[in-house]
Amino acid sequence: MKITKIHAREVLDSRGNPTVEAELTINENCTGKAIVPSGASTGEKEAVELRDGDLKRYNGKGVVQAVNNVNSIIAAHLKGKSIGSQMELDNHMIELDGTPNKSKLGANAILAVSMAYAKAMALLRNIPLYRQLKDANEYVMPVPCMNVINGGRHADNNVDFQEFMIAPHNAPSFREAIRMGEETFHSLKSILNKKGYFTGVGDEGGFAPNLKSNEEAVEVILEAIVKAGYKPGEDISVCLDPATSEMWEDGQYVFFKSTQEKISSQQLLDIWAKWISQYPIVLLEDGMAENDWEGWEIMTKQLGGTIELVGDDIFCTNPGILIKGIKQGVANSILIKLNQIGTVSETLETIDLAYQHGYNCFISHRSGETEDTTIADLAVATSAGHIKTGSGCRSERIAKFNQLLRIEEELGIAAKFQGIKAFKNK
Ligand SMILES: C=C(OP(=O)(O)O)C(=O)O
Ligand SMILES: [Mg+2]
């Protein structure tokens with residue numbers, strides 16, 4: 001079993017920005033191909049996404065350097081080698097990079113090769129990718145948390161909070177959950193239309209209207225759930241990612257897209273407590289900013305026994321930071337984004353660590369995505385129970401839903417759907 005070829009190229013993501021695609025061939029004829037995604041509201045401690053910087057092309061956003069690092073340094077080191085496991089491959093690249101945050105070769109270069117290896121191995125062994133990532137007798141299909149209203153850095157509207165998601169959990173299967181979600185998405189469109197609101201979409205495929213308030217986003221979603229024939233809270237609940245690191249400025253939270261009002265951590269917590277008592281919210285991601293650890297601790301004490309509190313920017317899928325969070329009582333769930341840490345094996349390590357400490361894992365896309373569907377397989381492999389990968393109308397998001405539909409069909413009775421139990425405290 002030998003790596004016979006590694007090749008990368010520059011391709012485009014859903015925002016029209018360049019990103020890295022890598023191909024890795026084992027034994028001449030098993031080629032895995034993977035593309036890395038890219039975030040907009042990124043955490044400060046994410047592994048480094050190498051961009052060309054000074055070059056004029058793509059305004060410095062190109063990834064020629066990262067591509068060259070794959071085609072020269074990584075390929076020269078790994079070609080002809082017999083690699084026994086994902087971890088062995090990833091450790092080679094981590095050593096070759098030699099920095100704590102993958103800043104020399106680029107996490108985008110390293111992750112593209114890491115994911116391509118997993119896919120090539122799946123082909124070689126003639127098994128699906130999810131089984132290559134983790135072998136099990138039964139797998140849990142995720143509840144699709146569909147981002148139906150986009151705000152924050154993901155849309156050009158006046159909504160401060162980034163993501164308003166619906167979680168269709170009262171379904172017998174993933175397939176039926178997707179149907180319920182799409183029906184609600186379509187009913188939301190007609191409600192927005194009737195109210196005279198814009199129905200164009202943001203980066204993750206949710207609608208991006210200008211609204212009277214952030215609350216109105218939740219209220220129109222609840223209306224849409226009812227109009228689609230479902231009961232809010234019973235059939236479909238709401239999940240939020242306000243991405244509050246983007247609002248954090250000099251120790252306060254700024255409503256930077258609507259009123260410009262500034263509030264304290266305690267006042268923001270009071271808003272969440274009120275929203276949770278008023279609306280059927282089951283999950284809150286990044287309810288406090290990545291540099292507001294104190295706010296996070298207080299929020300976890302007050303709300304951590306009631307709903308799922310997911311840490312995204314604060315943890316950056318990093319096992320070292322997650323351990324610190326566990327010790328300090330921060331969150332009860334972690335968002336999982338492969339490119340925040342930069343290899344498949346470190347991502348799996350973080351997920352194992354979270355499970356060992358009773359934390360949930362919420363598998364996630366990035367706002368800049370592609371046709372690559374690795375995260376669909378990752379969600380199934382790790383039985384994470386829930387995934388967020390946008391709403392129902394952009395192909396780079398639908399690609400993941402379609403892959404999950406295929407996996408569920410293939411698994412047959414070995415596919416379980418947990419519904420509401422997938423969420424912490426439910
Ligand atoms: C998916 C997200 O956005 P981005 O990819 O821009 O970080 C997020 O914040 O959870
Ligand atoms: Mg987030």
Side-chain angles (χ1 to χ4, degrees), residues 13-17 19 35-49 51 61 107-108 111 142 144-156 159-165 167 201-206 208 238-248 253 256-257 268 272 281 283-292 296 299 308-318 321-322 325 330-331 333-342 347 350 360-370 372 374-376 378-379 384 386-391 394 396-397 400:
D13 73 14
S14 53
R15 280 191 278 250
N17 291 324
T19 187
I35 314 178
V36 296
S38 177
S41 60
T42 49
E44 285 172 13
K45 301 225 162 55
E46 293 193 18
V48 172
E49 179 184 77
R51 295 272 168 200
K61 284 188 180 169
N108 41 355
L111 180 63
C145 298
M146 302 165 81
N147 185 5
V148 294
I149 291 189
N150 293 186
R153 301 270 179 230
H154 293 171
D156 295 324
V159 178
D160 303 281
F161 300 151
Q162 184 178 279
E163 301 173 23
F164 296 81
M165 294 170 269
V201 298
D203 286 357
E204 297 188 348
V238 173
C239 304
L240 301 173
D241 176 10
T244 60
S245 302
E246 302 299 320
M247 301 172 69
W248 182 248
Y253 292 91
F256 64 113
K257 295 180 78 183
L268 183 60
W272 299 140
I281 295 169
L283 178 150
L284 173 63
E285 176 188 328
D286 282 3
M288 293 285 158
E290 63 186 315
N291 290 320
D292 187 8
W296 259 107
M299 178 173 70
E308 180 161 335
L309 296 175
V310 184
D312 171 11
D313 290 353
I314 193 165
F315 294 144
C316 289
T317 316
N318 184 310
I321 308 176
L322 176 60
V330 161
S333 178
I334 176 172
L335 198 76
I336 299 293
K337 290 167 166 167
L338 286 146
N339 76 326
Q340 283 185 324
I341 187 71
T347 304
T350 303
N360 269 12
C361 292
F362 191 25
I363 309 294
S364 173
H365 62 161
R366 298 308 305 245
S367 49
E369 266 295 336
T370 72
D372 188 286
T374 303
I375 60 163
L378 180 68
H386 46 1
I387 187 172
K388 64 169 192 173
T389 181
S391 86
R394 287 183 59 136
E396 76 280 3
R397 321 284 152 183
K400 280 71 162 173

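On a predicted model such as this, the values are computed, not experimentally measured, just so you know. Hydrogens, waters and symmetry mates play no part in the numbers below; they use all other heavy atoms, side chains included. Each ligand, and each atom within it, is numbered from 1 in the order the structure gives.
Atom 1 (C) of ligand 1 has E204 OE2, 3.4 Å as its closest protein atom, hydrogens excluded (heavy atom only). Atom 8 (C) of ligand 1 has its closest protein heavy atom at K337 NZ, 3.1 Å. Nearest protein neighbour of atom 9 (O) of ligand 1, counting heavy atoms only, is Q162 NE2, 2.9 Å. Counting only heavy atoms of the protein, atom 3 (O) of ligand 1 lies nearest to H154 CE1, 3.1 Å.
Looking at D241 against ligand 1, only its side chain comes within 4.0 Å, counting heavy atoms. Residue contacts with ligand 1, taken as heavy atom pairs separated by less than 4.0 Å, do not involve A243 at all. By the criterion of a heavy-atom distance under 4.0 Å, the side chain of L335, and not its backbone, is placed next to ligand 1.
Looking at N339, its side chain never comes within 3.5 Å of a backbone N or O of G342 through a donor-acceptor pair. Listed for the T350 side chain is a donor-acceptor partner under 3.5 Å among the backbone atoms of T317. Of the possible polar contacts, one joining the T19 side chain to the V36 backbone as a donor-acceptor pair under 3.5 Å is found. Side chain of S38 to main chain of G368: no donor-acceptor pair is present (N/O by atom type, distance under 3.5 Å, no hydrogens or angles).
Remark: distances from the non-hydrogen atoms of R153 to ligand 1 are all 4.0 Å or more.
Remark: ligand 1 and K388 share an N or O pair separated by less than 3.5 Å (distance only, no angle test).
The distance between the ring centers of F161 and W272 falls below 6.0 angstrom.
Around the Mg ion (ligand 2), the protein atoms of type N, O or S that sit closer than 2.8 Å are D241 OD2, E285 OE2, D312 OD2.
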